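Some notes on the structure that comes next.
It should be emphasised that the depicted structure is a prediction, and the values quoted were computed from it without experimental measurement.
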Amino acid sequence: MTDPAGEEFRSLRDAVAARGLWRSALALAGLGVWAVVLLATLVLLPYPVAAVIPLLILAGTFEVIRPLHVGAERIGRYIQVFHEEGTAGAGAPVVPPAWERTAMALGAAVPGAAGHPLFAPVFAMATVVNSLAILLPGPVPIELALVAVPHAAFLIWIALADRAMRTQRTRELARFREMRGELNS
């Protein structure tokens, strides 16, 4: 007979690990493609409006990795509440797994120790570098203003995603605890 809770726990931890791996791999691949497209844009399309092409690669890459992180965090809070904070049946004390609680406590004590999970500083720097495709062709003021808007919008989007990410753990931890309470009543 299999242990459904144990199977669920292992499956969810595997999902978190896979999302972490894919997030890093996709960020690296997307930034590599962006660099090639930026170089091609600078060489083959020396028009300020062409800067939007590599910017779309950056934004697309960011939008692929963001939900991977959000989902991994959500799974982690579920594990923490429904597996680590759960109690053993029949009054037998069991020491539950503690990875999520421990990682959350460590993250609070050592912020930024593992780099940024959304690679926000890297994407912000890449967006600034991407502005070379606007500036090098020598834009007229209207071109500069027009093409600066999507760049600024993406930088704002990165900042908003970062702010949402910073509050996700505590918000979802509280909500999962609330849901557990509703299920137990």
Side-chain angles (χ1 to χ4, degrees), residues 12 14-78 100 103-104 106-176:
L12 291 171
D14 289 346
V16 169
R19 285 169 177 261
L21 175 67
W22 278 107
R23 187 177 70 230
S24 298
L26 291 171
L28 185 59
L31 288 166
V33 169
W34 162 77
V36 169
V37 170
L38 176 62
L39 184 59
T41 301
L42 288 169
V43 172
L44 302 173
L45 293 170
Y47 306 104
V49 74
V52 174
I53 298 167
L55 182 66
L56 286 172
I57 303 293
L58 279 178
T61 301
F62 186 76
E63 283 305 301
V64 167
I65 66 165
R66 189 177 59 84
L68 288 172
H69 173 71
V70 168
E73 279 296 322
R74 187 163 291 145
I75 293 167
R77 288 330 100 221
Y78 175 86
E100 294 299 333
M104 195 167 164
L106 177 65
V110 188
H116 197 285
L118 294 178
F119 306 94
V122 175
F123 280 101
M125 286 187 292
T127 304
V128 171
V129 169
N130 199 75
S131 66
L132 286 174
I134 301 170
L135 299 174
L136 289 179
V140 295
I142 190 73
E143 288 175 315
L144 182 60
L146 179 71
V147 184
V149 169
H151 284 75
F154 184 50
L155 288 170
I156 291 167
W157 179 245
I158 292 170
L160 291 173
D162 178 64
R163 184 169 35 163
M165 179 216 59
R166 291 179 187 280
T167 62
Q168 179 189 2
R169 280 185 175 184
T170 53
R171 281 184 293 115
E172 290 186 358
L173 183 60
R175 179 63 184 127
F176 276 129

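Here the side chain of R171 pairs a donor or acceptor atom with the backbone of A164 at under 3.5 angstrom. A donor-acceptor distance shorter than 3.5 angstrom exists from the side chain of E143 to the backbone of V140, with no hydrogens or angles considered. Proximity of a side-chain donor or acceptor of S131 to a complementary backbone N or O of V128 within less than 3.5 Å is detected. Formation of a donor-acceptor pair under 3.5 Å by the N130 side chain with backbone atoms of H151 is not found in this model.
Between R19 and P67, the closest heavy-atom pair is NH1-O, 3.5 Å. For the pair A72 and V16, the tightest heavy-atom approach, listed with the atom from each and the gap, is O-CG2, 3.8 Å. Closest non-hydrogen pair, P137 versus P46, comes out as CB-O, 3.3 Å. Nearest heavy atoms, P54 versus T41: CD-OG1, 3.7 Å. When all heavy atoms of L45 and A50 are compared, the pair lying nearest together is O-CB, 3.6 Å. What you find for A15 and I75 is that their closest heavy atoms are CB-CD1, 4.0 Å.
The distance from atom NE2 of H116 to atom NE2 of H69, rounded to the nearest 0.5 Å, is 8.0 Å. Taking CZ of R169 as the reference point, atom CD of E73 lies at 4.0 Å (rounded to 0.5 Å).
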Practice prompt. Could you give me the CA-CA distance, side-chain angles and deciding distance for T61 and W34, then say whether side chain to side chain contact (heavy atoms under 4.5 Å, CB included) is met?
Written response: CA-CA 9 Å; T61 301; W34 162 77; over 6 Å; no

Worksheet item: Is there a side chain to side chain contact (heavy atoms under 4.5 Å, CB included) between M165 and R66 once you walk through the steps?
Response: CA-CA 9 Å; M165 179 216 59; R66 189 177 59 84; over 6 Å; no

Item to complete: Tell me, with the steps shown, if L31 and F123 meet side chain to side chain contact (heavy atoms under 4.5 Å, CB included).
Response: CA-CA 8 Å; L31 288 166; F123 280 101; 4.1 Å; yes

Practice prompt. Carefully, step by step, assess E63 and W157 under the rule side chain to side chain contact (heavy atoms under 4.5 Å, CB included).
Written response: CA-CA 10 Å; E63 283 305 301; W157 179 245; 2.5 Å; yes

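Results of the side chain to side chain contact (heavy atoms under 4.5 Å, CB included) test with L132 over I134, V129, L135 single out V129 as the only residue that passes.
The local environment of CD1 in I142 is sparse, with at most 12 non-hydrogen atoms from other residues, nucleotides or ligands closer than 6.0 Å.
Counting heavy atoms from C-beta outward, R23 and F119 have side chains that approach closer than 4.5 Å. Between F154 and F62 there is a side-chain heavy-atom pair separated by less than 4.5 Å.
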